[in-house]
There are 2 protein chains.
Amino acid sequence: MNLPALRSHNAALVLDLLRTAGEDGISRLELAERTGLTPQAVSKITARLRAEGLAREAGRRASTGGKPRTVLRLVPSAAYAVGVHLDRDELTVVLVDLAGVRVARRRTSLDLGAGVDVVLDAIGTEVEALRSATAVATETATATAAVKRAATATETESGIEAGDEAPAPAPAPALLGAGVAMPGPLDHLTGTPGRVTGHPHWEGVPLRDELVRRLGLPVELDKDTNATALGLALHAPVPDSFAYLHLGTGLGCGLVLDGALHRGARTGAGEFGHQTVQLDGPLCGCGGRGCLEALCLAAVARGDIPEAARILGTGAANLVRLLDIDRVVLGGRVVLAAPEEFARGTREVLAGLGLAAGVAVTPYAVAEGAAQLILAPTFGK
Amino acid sequence: MNLPALRSHNAALVLDLLRTAGEDGISRLELAERTGLTPQAVSKITARLRAEGLAREAGRRASTGGKPRTVLRLVPSAAYAVGVHLDRDELTVVLVDLAGVRVARRRTSLDLGAGVDVVLDAIGTEVEALRSATAVATETATATAAVKRAATATETESGIEAGDEAPAPAPAPALLGAGVAMPGPLDHLTGTPGRVTGHPHWEGVPLRDELVRRLGLPVELDKDTNATALGLALHAPVPDSFAYLHLGTGLGCGLVLDGALHRGARTGAGEFGHQTVQLDGPLCGCGGRGCLEALCLAAVARGDIPEAARILGTGAANLVRLLDIDRVVLGGRVVLAAPEEFARGTREVLAGLGLAAGVAVTPYAVAEGAAQLILAPTFGK
DNA sequence: CCACTTAAGCAACGCTGTTGCCAAAGTGCA
DNA sequence: TGCACTTTGGCAACAGCGTTGCTTAAGTGG
């Protein structure tokens, strides 16, 4: 790591604390305590962020016997990102600000089984519609360059020159890129889908590169469960470890360990549904026997939600013990159809084994998580 | 992160590459390529490391048309660490050099069920015997301070002053500390055992602090499986992800994800043996049903090794799919009694599910891994 | 009203990795 | 044997990072 990288690292640290503080804001001294930097260093860093339009002063705290602390806040409108959720039968596109708040959404029904070009066209059309409707500048502006610098120091290819000392208090906001979430398997490093269940024609399509070309934006691709887990991780008040279990068409999982999304080297982590919980159980499509997904969905199919919840809870318990995680978050259409029953059933299994992990149900939207694929690096995630 | 921390970080990066290169050594230019630093920066860093006695020049490579590259090597004898393996019926104490190579060992039979003081006394006696037998300086020397600086920048408490420009080419080697591995559960942050199966009197004993007092050395405590996994991780040619599965008195696991040991917030990660693989199976002592450990050990008890291997392989497959890890490493008394059968059985299960993870058996000693608890921070691990 | 406390900026500084230049130490062709 | 060329690695000057010492700003409380 060199000096520019150090600068980016610390800027990301500060930006992340500003983001987490949200509407409440945070003072320079508290930033200093939390980052371990000196107050003077924080002053310099926040001065840069303010000059770049990413942060601003917003009121003061009550005095504790001396000069009151000045509160700093993130400027959510300084930058935006697009989130795309490419589901089996539906396409959702959202625009999200720097704070992760959705500011616009479009939704179309779309068959993932349609031709690759049809889907790519649809994404292009929807994103363009979102852009023009919300008038977020397409061209790279001051804040974009600032955020990019904050995110990665090795970005040497950018020929962008940030203007000195923005005279206007608010530089034009800009679009940082588009994050795309879809059912796995896929490789997030190359941005290429693998053999998507039921849609083999997607295998090997250079989806990310193609979208970069069509949208003229940086694009990141990841599994729907990973995107959702990432979004949830950024909403946690403090970095922790949790698993997002998604029960929909299949049973998948996104893992966040110590605040960081764990993808594995081949984006293969999170194959939660095909763990064996019944040795020599019924044969599963994956080639295994007694897979959690098969047993759980079979219970759902025959209307036995308590049993489905118990099976899901058993899988969750395996995971909690193996990884020592703090909480389990449930989501997906099937869970959301009976959230109380699934939460209760899962909780009961964990409690019965003496495990302290919390259980919650979230209706968190995948598309917002997809946008976080773009925003997360800004905050060092 | 500040400048001293940056310096430590880069020094650790370079030291790790020197360590990995081993006897072959590595040139300055290759270090520059691998770290992303400029050659000049690497020259400065390695000059410091050489002055501190941690690295030295050792020959040159063949020329490729110009000045031949000078080879740099780690000086293994620059520092040492003690590794303590506190097992249920035996105490093993080793001395390990900076390269992780064992240079001395002592072994005594010792009942973990004996009084806490008896065990502490035994550790003290054995470590002292090891020290005097190998004449490794007890007092902190130049290299110690250097290694400590390389390891952690926040170490402000040290009142040690490193001498300027050591005139002698080889500063006195020093003992960095002692790593202790024992059966879990325990908390590695506080260095306190939890409710060790069969030995409840260890619960809450401030083991690490007590040993710091008795040995006069920094001490780290961790689970035996974690220590072993850490040791194996440091032997990998490239940082990767793997699980160390230990089948002995019980069935435990150490997880290394992207080259880093995953302990979980409460050192609870690795509860591999108590995952349910047989819904509504036989009751286990942990309160669950159909636990992997119970089923696997039952098969071992009735002499059915192939079945034990198949069950172990099933658990391994769950883990490989969940975490997308590269390889599975087997160890422990039971496995080592029939290494080929366990390896083959595990491999067959993985292959049958189309998983590419490699399977190997290791006789790697826990005590060496324990010593790595002390050495690892020097290399940024 | 004034002493005191707390927050935050200015200027000088030490130390980081970087850049530009040059010496060292080989190869290979004439 | 000599000389041009290639490659390595150190020296010196430098830009930029966070830190230190001090000053100014802006409150509280007797």
Side-chain angles (χ1 to χ4, degrees), chain A residues 1-14 25-52 55-73 146 149-150 153-154 156 162 164-165, chain B residues 1-14 25-52 55-73 146 149-150 153-154 156 162 164-165:
Chain A
M1 182 179 289
N2 54 21
L3 287 172
L6 176 64
R7 176 181 170 144
S8 304
H9 173 88
N10 286 339
L13 231 54
V14 169
I26 184 170
S27 71
R28 288 176 179 79
L29 279 165
E30 197 176 338
L31 286 170
E33 284 167 22
R34 303 271 295 266
T35 56
L37 296 169
T38 60
Q40 185 57 32
V42 170
S43 272
K44 283 191 179 180
I45 292 165
T46 54
R48 284 199 296 263
L49 295 178
R50 284 190 296 147
E52 289 162 348
R56 68 150 175 268
E57 296 191 343
R60 9 186 83 176
R61 295 247 182 279
S63 166
T64 58
K67 178 176 174 177
R69 301 184 173 188
T70 311
V71 173
L72 296 172
R73 281 221 294 246
R149 277 201 310 278
T154 48
T156 46
D164 291 325
E165 290 299 324
Chain B
M1 183 181 287
N2 54 22
L3 286 172
L6 176 64
R7 176 183 169 141
S8 304
H9 173 87
N10 286 340
L13 231 54
V14 169
I26 184 170
S27 72
R28 288 177 179 78
L29 278 163
E30 197 177 339
L31 285 170
E33 283 166 23
R34 303 270 297 264
T35 57
L37 295 168
T38 60
Q40 184 58 29
V42 170
S43 272
K44 284 191 178 178
I45 292 166
T46 54
R48 283 198 297 263
L49 295 178
R50 285 190 297 146
E52 290 163 346
R56 68 151 175 266
E57 296 190 344
R60 10 186 83 178
R61 295 246 182 281
S63 167
T64 59
K67 176 176 175 176
R69 301 184 173 187
T70 311
V71 173
L72 297 172
R73 282 221 294 244
R149 277 202 308 280
T154 48
T156 47
D164 291 327
E165 290 301 323

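Residue numbers start from 1 in every chain, and the chains themselves are labelled A, B, ... in the order their sequence lines are given, proteins ahead of strands. Values in this document were obtained by computation on a predicted structure and should not be read as measured data.
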Peer 1: Under 4.0 Å from OP1 or OP2 of dT16(C): is there any side-chain N or O of Asn2(A) that close?
Peer 2: no

Peer 1: Can you tell me how far C1' of dG18(D) sits from CG of Leu3(A), to the nearest Å?
Peer 2: 10 Å

Peer 1: Give the minimum heavy-atom separation between Leu29(B) and Pro39(B), together with the two atoms involved.
Peer 2: CD2-CG, 3.8 Å

Peer 1: What integer distance in Å separates Arg60(A):CZ from dT28(D):P?
Peer 2: 11 Å

Peer 1: Applying side-chain contact (heavy atoms from CB on, under 4.5 Å) to Leu13(A) and Asn10(A), what does each step give before you reach the verdict?
Peer 2: CA-CA 5 Å; Leu13(A) 231 54; Asn10(A) 286 339; 4.1 Å; yes

Peer 1: Write down the distance between CG (Leu31(A)) and P (dA7(C)), rounded to a whole number of angstrom.
Peer 2: 13 Å

Peer 1: Looking for any heavy atom pair under 4.0 Å, which part of the strands does Arg48(B) touch: base, sugar-phosphate only, or nothing?
Peer 2: sugar-phosphate

Peer 1: Between dA7(C), dG17(C), dG18(D), which nucleotide gets closest to the side-chain atoms of Leu29(A)?
Peer 2: dA7(C)

Peer 1: Between dG17(C), dG9(C), dG27(D), which nucleotide gets closest to the side-chain atoms of Arg50(A)?
Peer 2: dG9(C)

Peer 1: Would you say CZ of Arg61(B) has more than 12 non-hydrogen atoms from neighbouring residues, nucleotides or ligands within 6.0 angstrom?
Peer 2: yes

Peer 1: Could you state the CG-P distance from Leu6(B) to dT19(D), rounded to the nearest angstrom?
Peer 2: 12 Å

Peer 1: Arg7(A) has an atom CZ; how far is it from atom P of dG17(C), in whole Å?
Peer 2: 17 Å

Peer 1: Answer with yes or no whether Gln40(B) presents, from its side chain, a donor or acceptor under 3.5 Å of a partner atom in the base of dC11(D).
Peer 2: yes

Peer 1: Strictly below 4.0 Å: does Thr70(A) bring a side-chain N or O up to OP1 or OP2 of dA8(C)?
Peer 2: yes

Peer 1: If you pin Pro39(B) and Gly65(B) to their nearest nucleotides in DNA chain C, which one's is more 5'?
Peer 2: Pro39(B)

Peer 1: Please check the phosphate of dT19(D) (OP1 and OP2 only) for any side-chain N or O of Thr38(A) closer than 4.0 Å.
Peer 2: yes

Peer 1: Verify the contact: side-chain N or O of Arg69(B) to OP1 or OP2 of dG9(D), cut-off strictly under 4.0 Å; return yes or no.
Peer 2: no

Peer 1: Specify the residue among Glu57(B) and Val42(A) whose closest nucleotide of DNA chain D lies further upstream toward the 5′ end.
Peer 2: Glu57(B)

Peer 1: Going by an N to O cut-off under 4.0 Å, is there a salt bridge joining Arg34(B) and Glu30(B)?
Peer 2: yes

Peer 1: Does dG18(D) have its OP1 or OP2 closer than 4.0 Å to a side-chain nitrogen or oxygen of Asn10(A)?
Peer 2: yes

Peer 1: Which listed nucleotide (dC17(D), dG9(D), dT19(D)) is nearest to the side chain of Arg28(B)?
Peer 2: dG9(D)

Peer 1: Rounded off to whole Å, could you give me the CG-to-P distance for the Leu37(A) and dA8(C) pair?
Peer 2: 15 Å

Peer 1: Using salt bridge (Lys or Arg N to Asp or Glu O under 4.0 Å) as the criterion, point out the one residue from Arg73(A), Arg69(A), Arg50(A) that pairs with Glu57(A).
Peer 2: Arg50(A)

Peer 1: Please check: side-chain N/O of Asn2(B) versus main-chain N/O of Leu37(A), any donor-acceptor pairing under 3.5 Å?
Peer 2: no

Peer 1: Just compare dG18(D), dG16(D), dG9(D) and give me whichever is closest to any side-chain atom of Ser43(B).
Peer 2: dG9(D)

Peer 1: Using a distance-only criterion (donor-acceptor N/O pair, under 3.5 Å, no hydrogens), is the base of dT19(D) paired with the side chain of Lys44(A)?
Peer 2: yes

Peer 1: Out of dG26(C), dG9(C), dG17(C), which has the shortest distance to the side chain of Pro68(B)?
Peer 2: dG26(C)

Peer 1: Any idea which of dA8(C), dG26(C), dG9(D) is nearest the Lys67(A) side chain?
Peer 2: dA8(C)

Peer 1: Using a 4.0 Å heavy-atom cut-off, does Ser27(A) contact any base of the nucleic acid, only the sugar-phosphate backbone, or nothing at all?
Peer 2: nothing

Peer 1: Rounded to the Å, how far apart are Glu30(A) CD and dT6(C) C1'?
Peer 2: 15 Å

Peer 1: In this structure, how many angstroms lie between the C1' atom of dA25(D) and the CZ atom of Arg61(A), rounded?
Peer 2: 19 Å

